[in-house]
There are 2 protein chains.
Amino acid sequence: MSGRKHLESTLAGDHAGARGARKQLTRDRLLDAALTLMSEGHSFPSLSLREVTREAGVVPTAFYRHFHSMEELGLALVEECGVTLRRLLREVRKAGVPTTDIIRHSVAVYWQYVRANPRQFRTAASERHGGSPAIRQAIRNEVNLFVREMAQDLRMLGYRSDLPTATLEMICSLVVNTMLNAASDILDLPPDQPQLARELEANFVAQIRLIFLGAEQWRAEPAG
Amino acid sequence: MSGRKHLESTLAGDHAGARGARKQLTRDRLLDAALTLMSEGHSFPSLSLREVTREAGVVPTAFYRHFHSMEELGLALVEECGVTLRRLLREVRKAGVPTTDIIRHSVAVYWQYVRANPRQFRTAASERHGGSPAIRQAIRNEVNLFVREMAQDLRMLGYRSDLPTATLEMICSLVVNTMLNAASDILDLPPDQPQLARELEANFVAQIRLIFLGAEQWRAEPAG
DNA sequence: TGTTTCAGTGAACAACTGTTGACAAAGCCC
DNA sequence: GGGCTTTGTCAACAGTTGTTCACTGAAACA
């Protein structure tokens, strides 16, 4: 019952054998099914267990082999979105620092990233304020992680090195909020309206620019 | 069938007679029930028609005397939230312009307003990105209305009168997004943590301040 | 006054929900 | 190979859902 192998297999995502691989596959199919249903207009709290298993091509009872409840699936989904977000950060970082018009460039990367992963971003935006308290908290954690990592990046770049970390994080959190709002906006556009999309992007760039304009003016001792 | 009186009573919210008043009352009870259930952790898309009528103390079929579907109730709810928001704007406006530390003052009013109407703000934040497409669109309209009104207020105050309206609205939309995010954050705090609430408020004030710091620096011709 | 209109009731329906237990087959370990 | 473990299936349950229809009683109207 409590053999070593069993313990291993219950830890996160080991699943080396052919059996574990198969399990991971249908687990992924369940997560994918939920993501797909949500991108089709459903919202997560209204998803039923049976709907998800139907979409995944599995019998309802099989669900319990992977999650205790829909809420647990939701948390797994949040983690997946977090991974996606952090991958984005790594990509932007890897793209180097053009120093000239860095904002427009970063926004462009972000924009294309949102369009490439619409389901994850819709889910993140949708559950951030709407889901169950537990899921909301999980997303908050994920977002905070992202914010902290981003602030650290700014620090590494030597941006406003006179400011305390808390202030940098305050700025980044403002940026991230704006990012997520913009993602939700763009994903609600009818896909055949490139003009509206461009206006939205321009507005988004302007807002980010405005934030950094404010950040450059921020006094280290804002006591007024 | 098409008498004058009947026509009147189908128009929005006339309901002068004793009958109309009674109808309006249970309609309000339905809306209130939905709001209450949502503030208890449920999210709107997962609310069932029967749950709402149960909470409102009426039989399920009575629902149809007021709304065709839950989605229609949702739209009515959005409108109610919009009214709440505009009342807020009027209150801030009425409070006068202290000119000194206007941001901290406005934020304080807003803060207390959120705490006084938690159910409306939770609903607004929750459905803004999460609800059905129709409801999402309705909220977007409501928010845009608010943004436009706020931009007009800034103009009346003579704030950055050199900027085009579109730019003012871009700024206000950033402010409103930040406001709604902060509302969602504060409403998720455990109610016995005044220290966290104060930190949250300080962070919120800082973000708004940062935005206006950027706004003051914004060049009328941002072509770079 | 008598008649009409209509918000709210009650019973009933078919469909769907989450969850159960026993069972088949395939992977795993000895 | 044989026995244990485990993923997925099948059948079935009790409860809830949205919606229907015929109804009651009181307010509104003539």
Side-chain angles (χ1 to χ4, degrees), chain A residues 1-34 37 42-74 76 132, chain B residues 1-34 37 42-74 76 132:
Chain A
M1 185 58 107
S2 61
R4 202 164 51 93
K5 195 71 182 188
H6 174 68
L7 185 64
E8 275 181 17
S9 74
T10 57
L11 289 178
D14 194 53
H15 297 318
R19 175 117 111 215
R22 189 168 186 79
K23 175 166 187 177
Q24 183 73 28
L25 196 139
T26 69
R27 193 187 125 106
D28 286 352
R29 270 198 298 176
L30 285 171
L31 290 170
D32 205 65
L37 287 172
H42 299 71
S43 61
F44 182 77
S46 75
L47 280 189
S48 75
L49 184 152
R50 289 181 107 106
E51 244 176 322
V52 173
T53 56
R54 215 177 298 137
E55 174 79 19
V58 190
V59 96
T61 47
F63 181 91
Y64 295 102
R65 303 292 183 196
H66 304 273
F67 308 99
H68 291 94
S69 62
M70 278 297 286
E71 174 147 296
E72 198 175 294
L73 181 144
S132 74
Chain B
M1 186 55 110
S2 62
R4 204 165 50 93
K5 196 72 180 186
H6 174 67
L7 184 64
E8 275 179 19
S9 74
T10 56
L11 289 178
D14 194 53
H15 297 319
R19 177 117 112 212
R22 190 169 187 80
K23 176 165 185 178
Q24 183 74 27
L25 196 140
T26 68
R27 192 189 126 107
D28 286 350
R29 271 200 298 179
L30 285 171
L31 289 170
D32 205 64
L37 288 171
H42 299 70
S43 62
F44 183 78
S46 76
L47 280 189
S48 76
L49 183 152
R50 288 181 108 105
E51 247 176 320
V52 173
T53 57
R54 216 178 296 137
E55 173 80 18
V58 279
V59 96
T61 46
F63 181 92
Y64 295 102
R65 302 291 183 195
H66 304 273
F67 308 100
H68 291 93
S69 63
M70 279 296 288
E71 173 147 298
E72 197 175 295
L73 182 145
S132 74

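Letters A, B, ... are given to chains in the order of the sequence lines, protein chains preceding strands, and every chain is numbered from 1.
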Inset, instruction - In sequence, state the C-alpha distance, the side-chain angles, and the governing distance for A/Val58 and A/Phe63, and then conclude on side chain to side chain contact (heavy atoms under 4.5 Å, CB included). - result: CA-CA 8 Å; A/Val58 190; A/Phe63 181 91; over 6 Å; no
Inset, instruction - Measure from the side-chain heavy atoms of B/Arg54 and tell me the nearest of C/dA26, D/dT17, C/dT17. - result: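 Within the option list, the nearest is D/dT17.
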Inset, instruction - State which of C/dC28, D/dT17, D/dG18 makes the closest approach to the side chain of B/Glu51. - result: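 Nearest nucleotide to the side chain: D/dT17.
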Inset, instruction - For A/Tyr64, report the nucleic acid contact type (base, sugar-phosphate, nothing); a contact means any heavy atom under 4.0 Å. - result: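 Result for A/Tyr64 = base.
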Just verifying a value: how many Å separate [X] [atom1] and [Y] [atom2], rounded to the nearest 0.5 Å?
{"X": "A/Thr26", "Y": "A/Asp32", "atom1": "OG1", "atom2": "CG", "result": "12.0 Å"}
{"X": "A/Arg29", "Y": "A/Gln24", "atom1": "CZ", "atom2": "CD", "result": "12.5 Å"}
{"X": "B/Arg19", "Y": "B/Lys23", "atom1": "CZ", "atom2": "NZ", "result": "9.5 Å"}

Inset, instruction - Give the B/S/- string for nucleotides 8-14 of chain C, one per nucleotide from 5' to 3', where a protein heavy atom under 4.0 Å of the base yields B, of only the sugar-phosphate yields S, and otherwise -. - result: BBBBB--
Nearest whole Å is fine: how far is [N] [atom2] from [X] [atom1]?
{"X": "A/Met70", "N": "C/dG18", "atom1": "CE", "atom2": "P", "answer": "8 Å"}
{"X": "A/His42", "N": "C/dC16", "atom1": "NE2", "atom2": "P", "answer": "13 Å"}
{"X": "A/Leu49", "N": "D/dT17", "atom1": "CG", "atom2": "C1'", "answer": "16 Å"}
{"X": "B/Phe63", "N": "D/dT17", "atom1": "CZ", "atom2": "P", "answer": "13 Å"}
{"X": "A/Phe67", "N": "C/dT19", "atom1": "CZ", "atom2": "P", "answer": "14 Å"}
{"X": "B/Gln24", "N": "C/dC6", "atom1": "CD", "atom2": "P", "answer": "17 Å"}

Inset, instruction - Determine, step by step, whether B/Phe44 and B/Leu73 satisfy the side chain to side chain contact (heavy atoms under 4.5 Å, CB included) criterion, reporting the C-alpha distance in whole Å, the side-chain angles of both residues, the deciding distance to 0.1 Å, and the verdict. - result: CA-CA 10 Å; B/Phe44 183 78; B/Leu73 182 145; 3.8 Å; yes
Legend entry - Distance-only donor-acceptor check, side chains B/His42 and B/Glu51, under 3.5 Å: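 Note: B/His42 and B/Glu51 side chains meet the donor-acceptor criterion.
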